[in-house]
Student: 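If you scroll down you'll find the structure; I have some questions about it.
As the structure is a prediction and not an experimental result, all values here were calculated from the model.
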Amino acid sequence: MSAYKSDFLHTLASRGFIHQVSEPEALDALAKKGAVTGYIGFDCTAASLHVGSLLPIMMLHWMQQTGHKPIALMGGGTTRVGDPSGKDESRRILTDEMINENLKGIRAIFSKFLKFGDGKSDAIMANNADWLNALNYIDFLRDVGKHFSVNRMLAFDSVKMRLDRQQELSFLEFNYMILQAYDFVELHKRTGCILQMGGSDQWGNIINGIDLGRRMMNAQLFALTSPLITTSSGAKMGKTAAGAVWLNADLMSPYNYWQYWRNTEDGDVERFLKLFTVLPLDEIARLAALKGQDINEAKKVLANESTALVHGRAAADEAAGTARKTFEDGTFAESLPTIEIPRAQLDGGYGVLTAAVAAGFVASTGEARRQIKGGGLKVNDETVSDEKMTLTAKNLTPEGVIKLSLGRKRHVLLKPV
RNA sequence: GGGAGAGUGUCCCGAGCGGCAAAGGGGGCGGACUGUAAAUCCGCUGGCUAUGCCUUCGUAGGUUCGAGUCCUACCUCUCCCA
């Protein structure tokens, strides 16, 4: 399937991770000969990573699995500047406190995919704030800035797009690519890292780093980018009604995470199995051969495996069990997401509208009214027809809870306390 | 510095003779059909203690019974001239 001779590139290629590689033969030969050190940079713009970041994390994972040394670079310094690539508008500038807060949340994820330590192919976690924050402006201009041609920078897509559309590009953002290039060279100096990976939108930035490495140190560096992943119906990955699909359990429960993958479109199942699980390819081929209704089995495997990677096997099994009871057996699953309500509220009659808002189904009681009108809200699996309906102790199931549902997929248990 | 134009429902794009909670899309949510899929069809898509009340069209004033719409100033962006 792929012409690569090294385990590393062969694995990435056959699982669909590769969009572009600079000098593929040379990199392949190096990876065949010995351990290669490579890195990917991660933004600290949010408190958690979301599924969009899963792809680069998996690349680091495979890198380690095939005997190489991955570096997860936290953009503690570059996030202070903001990457203009692919953005129409300037990013909001984050405060340093926010960045550090975000960093904490993000770090936790990596240990689930990578083994960190001091061993030969143990992963390293770095933070570019360590070297960027200490830079001296004039020194930096003389040492690094002299290697950059503004004429050429203006030709880069990320810059050109802004200029063509007459959109503002601040000098701050204009410098982002220089800093990212410098990161690459700095990591090369510190760790012997020769490869930078990233999404396809990072190609230009990575190439800049390669050029800088050659000019400053006569080093041969490499770039590898992954394709932009969209669903087969064209939507960007990782968005749901509730917003982004977060990897941290406190922002998105394992159950909801499992559901996200369970609802994958048919056409995406094989691709996602390759990218987001570590199942062997022949097993994936078997699952991908399933047609029609049987493909649901493949979707469950996808949900199980990808949830197990992020939240652990136990959480994945529990989510699968909850889903099976709720959707297939039509029975009661006490493990559904639970919202606690004061018992006094229930005694006095708890309005369904308020309950729907409390459950997080809708943003306002007005919206709850509309959903009831459209037949979308259910109490204990019975469609609510009267928006004035109140929930009382009579609505409690034998298990002592009230099941509230919006649509066929969203279920919450209300539990009096 | 001079001249011309634009900013609309807090997701986006976009109509809007002085009576407007404001056309139409996209997206999203719900319903039907299915397989917890896609496609398709239908409904909904400012808030509330709701036959009424409150807040929305760049910002602040003004004219008017009544302003998204007219006038004035300001802010931001775009185009043309210097």
Side-chain angles (χ1 to χ4, degrees), chain A residues 86-90 92 162-170 230-245 253 255-273 287-304 306-307 319-331 333 335-337 345 348-357 359-379 381-390 403-412:
Chain A
K87 310 281 185 312
D88 279 357
E89 289 168 15
S90 296
R92 209 158 48 94
R162 287 281 189 88
L163 296 180
D164 286 351
R165 297 219 217 155
Q166 308 270 6
Q167 274 155 343
E168 153 124 350
L169 177 71
S170 70
T230 54
T231 66
S232 12
S233 40
K236 269 195 188 170
M237 263 197 82
K239 290 285 181 186
T240 66
V245 179
S253 70
Y255 170 75
N256 284 128
Y257 188 79
W258 193 94
Q259 282 295 323
Y260 172 76
W261 292 104
R262 174 63 184 82
N263 285 296
T264 297
E265 295 173 25
D266 286 9
D268 294 326
V269 173
E270 178 176 9
R271 205 159 43 108
F272 286 3
L273 279 167
L287 292 167
L290 298 172
K291 291 279 177 277
Q293 192 168 334
D294 293 337
I295 205 170
N296 282 327
E297 289 311 311
K299 291 186 188 181
K300 283 180 211 166
V301 173
L302 172 61
N304 285 338
S306 53
T307 304
T322 305
R324 183 169 39 76
K325 284 188 210 162
T326 307
F327 290 100
E328 292 176 28
D329 304 345
T331 57
S335 43
L336 282 171
Q345 293 251 18
Y350 192 50
V352 266
L353 300 177
T354 321
V357 175
F361 289 162
V362 291
S364 65
T365 58
E367 195 183 338
R369 279 172 220 274
R370 284 183 228 118
Q371 292 293 6
I372 288 171
K373 212 171 290 175
L377 190 72
K378 293 195 185 82
V379 170
D381 298 320
E382 302 224 353
T383 304
V384 176
S385 53
D386 177 14
E387 60 182 47
K388 289 209 172 73
M389 173 182 181
T390 57
K403 182 178 175 191
L404 195 67
S405 314
L406 181 69
R408 282 169 306 162
K409 293 186 188 173
R410 295 154 79 188
H411 308 277
V412 154

Student: Which one, G35(B), C29(B), U36(B), comes nearest to the side chain of Asn263(A)?
Tutor: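 Among G35(B), C29(B), U36(B), the one nearest the side chain of Asn263(A) is U36(B).
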
Student: Provide the Watson-Crick or G-U wobble partner of C57(B), both distances under 3.5 Å; none if there is no partner.
Tutor: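 With both distances under 3.5 Å required, C57(B) matches none.
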
Student: Residues in salt bridge (charged side-chain N to carboxylate O under 4.0 Å, His left out) with Asp386(A), at least two apart?
Tutor: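 If we apply the salt bridge (charged side-chain N to carboxylate O under 4.0 Å, His left out) test to Asp386(A), skipping adjacent residues, there are no hits.
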
Student: At under 4.0 Å between heavy atoms, what does Thr264(A) touch on the DNA or RNA strands: base, sugar-phosphate, or nothing?
Tutor: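 Sugar-phosphate, no base atom in range.
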
Student: With C1' as the reference atom in both, quote the distance from A4(B) to C12(B) in angstrom, rounded to an integer.
Tutor: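 Between the two C1' atoms, the distance is 28 Å.
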
Student: Considering only the C1' atoms, how many Å lie between A21(B) and A15(B), rounded to the nearest integer?
Tutor: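 My reading of the C1' atoms in A21(B) and A15(B) gives 16 Å.
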
Student: What nucleic acid atoms does Lys373(A) come within less than 4.0 Å of, heavy atoms only: base, sugar-phosphate, or nothing?
Tutor: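 Nothing: the residue Lys373(A), judged by heavy atoms under 4.0 Å, touches no strand.
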
Student: Need the pair for U51(B). Rule: Watson-Crick or G-U wobble, both distances under 3.5 Å, any strand; none if unpaired.
Tutor: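 Partner of U51(B): none.
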
Student: Can you see if the side chain of Lys291(A) gets near the phosphate of A37(B) - specifically, an N or O under 4.0 Å from OP1 or OP2?
Tutor: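 Negative; the distance criterion is not met.
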
Student: Output yes when at least one side-chain N/O atom of Ser364(A) is less than 4.0 Å from OP1 or OP2 of G47(B), else no.
Tutor: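 Result: yes.
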
Student: Look through every strand shown and name the nucleotide pairing with G1(B) as Watson-Crick or G-U wobble, where both distances are under 3.5 Å.
Tutor: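 Looking at the geometry, G1(B) pairs with C81(B).
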
Student: What's the gap between C41(B) and A60(B) when it is taken at their C1' atoms, as a whole Å value?
Tutor: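 My reading of the C1' atoms in C41(B) and A60(B) gives 49 Å.
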
Student: Kindly indicate whether the side chain of Asp266(A) and the base of G35(B) share any N or O donor-acceptor pair separated by less than 3.5 Å?
Tutor: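 By the distance-only test, yes, there is a pair.
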
Student: Which of these nucleotides, G31(B), G35(B), A37(B), is closest to any side-chain atom of Lys378(A)?
Tutor: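 Among the listed nucleotides, the one closest to the side chain of Lys378(A) is G31(B).
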
Student: Side chain to side chain contact (heavy atoms under 4.5 Å, CB included) between Thr354(A) and Gln345(A): does it pass, once the steps are laid out?
Tutor: CA-CA 11 Å; Thr354(A) 321; Gln345(A) 293 251 18; 6.0 Å; no

Student: Could you give the distance separating G25(B) and C75(B) at their P atoms, to the nearest angstrom?
Tutor: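 Looking at atom P only, C75(B) and G25(B) are 39 Å apart.
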
Student: Residues two or more places apart in sequence or in another chain: which of them pass side-chain hydrogen bond (donor to acceptor under 3.5 Å, both in side chains) with Thr390(A)?
Tutor: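 Listed in chain order: nothing, the list is empty.
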
Student: So, using side chain to side chain contact (heavy atoms under 4.5 Å, CB included) as the criterion, who are the partners of Ser335(A) when residues are at least two apart?
Tutor: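 Applying side chain to side chain contact (heavy atoms under 4.5 Å, CB included) to Ser335(A) gives Glu318(A), Thr322(A), Ala333(A).
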
Student: Partner lookup for C17(B), please. Criteria are Watson-Crick or G-U wobble with both distances under 3.5 angstrom; report none if nothing qualifies.
Tutor: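 Pairing partner: none.
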
Student: Show the distances under 3.5 angstrom between N or O atoms of the protein and N or O atoms of nucleotides 50-52 of chain B.
Tutor:
| from | atom 1 | to | atom 2 | distance (Å) |
| --- | --- | --- | --- | --- |
| A50(B) | N6 | Arg369(A) | NE | 2.4 |
| A50(B) | N6 | Arg369(A) | NH2 | 3.2 |
| A50(B) | N1 | Arg369(A) | NE | 3.4 |

Student: Can you tell me the Watson-Crick or wobble partner of G66(B), both distances under 3.5 angstrom?
Tutor: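 Paired with G66(B), as far as the under-3.5 Å criterion goes, is no nucleotide at all.
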
Student: Does anything in residues 362-379 of chain A pair up under side chain to side chain donor-acceptor pair (under 3.5 Å), and if so which pairs, sequence neighbours excluded?
Tutor: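 Only Arg369(A)-Glu387(A) qualify under side chain to side chain donor-acceptor pair (under 3.5 Å).
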
Student: For Ala320(A), give me all partners under side chain to side chain contact (heavy atoms under 4.5 Å, CB included), at least two apart in sequence or on another chain.
Tutor: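 Scan of Ala320(A) (side chain to side chain contact (heavy atoms under 4.5 Å, CB included), adjacent residues dropped) gives Trp258(A), Asn304(A).
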
Student: On RNA chain B, compare the nucleotides closest to Gln259(A) and Leu377(A); which residue's is nearer the 5' end?
Tutor: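 Looking at the nearest nucleotide for each, Leu377(A) comes out on the 5' side.
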
Student: Among residues at least two apart in sequence or on other chains, which ones pass side-chain hydrogen bond (donor to acceptor under 3.5 Å, both in side chains) with Ser306(A)?
Tutor: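 Here no residue qualifies.
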
Student: Enumerate the residue pairs fulfilling side chain to side chain donor-acceptor pair (under 3.5 Å) with a member in residues 291-301 of chain A, sequence neighbours excluded, ordered by first and then second residue.
Tutor: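 Sorted result for residues 291-301 of chain A: Arg262(A)-Asn296(A), Asp266(A)-Lys299(A), Glu297(A)-Lys300(A), Lys300(A)-Glu328(A).
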
Student: So what's C44(B) paired with, Watson-Crick or G-U wobble, going by both distances under 3.5 Å?
Tutor: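 Matched C44(B) with G28(B) under the 3.5 Å cut-off.
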
Student: Taking the six-membered ring for Trp, are Phe327(A) and His411(A) ring centroids under 6.0 Å apart?
Tutor: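 Yes, the ring centres sit under 6.0 Å apart.
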
Student: Given that Arg262(A) and Gly407(A) both sit by RNA chain B, which one's nearest nucleotide is further toward the 5' end?
Tutor: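 Result of the comparison: Gly407(A).
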
Student: Counting Watson-Crick and G-U wobble pairs only, both distances under 3.5 Å, name the nucleotide matched with A39(B), or none.
Tutor: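 Checking every strand shown, A39(B) finds no partner, since no pair has both distances under 3.5 Å.
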
Student: Taking U10(B) as the reference, what is the distance to G52(B) when you measure between their C1' atoms (whole Å, please)?
Tutor: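 My reading of the C1' atoms in G52(B) and U10(B) gives 26 Å.
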
Student: Each nucleotide N or O in nucleotides 43-45 of chain B that has a protein N or O under 3.5 Å away: list the pair and distance.
Tutor:
none

Student: Decide, for C65(B), between syn and anti: a glycosidic angle within 90° of 0 counts as syn, anything else as anti.
Tutor: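 Glycosidic conformation of C65(B): anti.
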
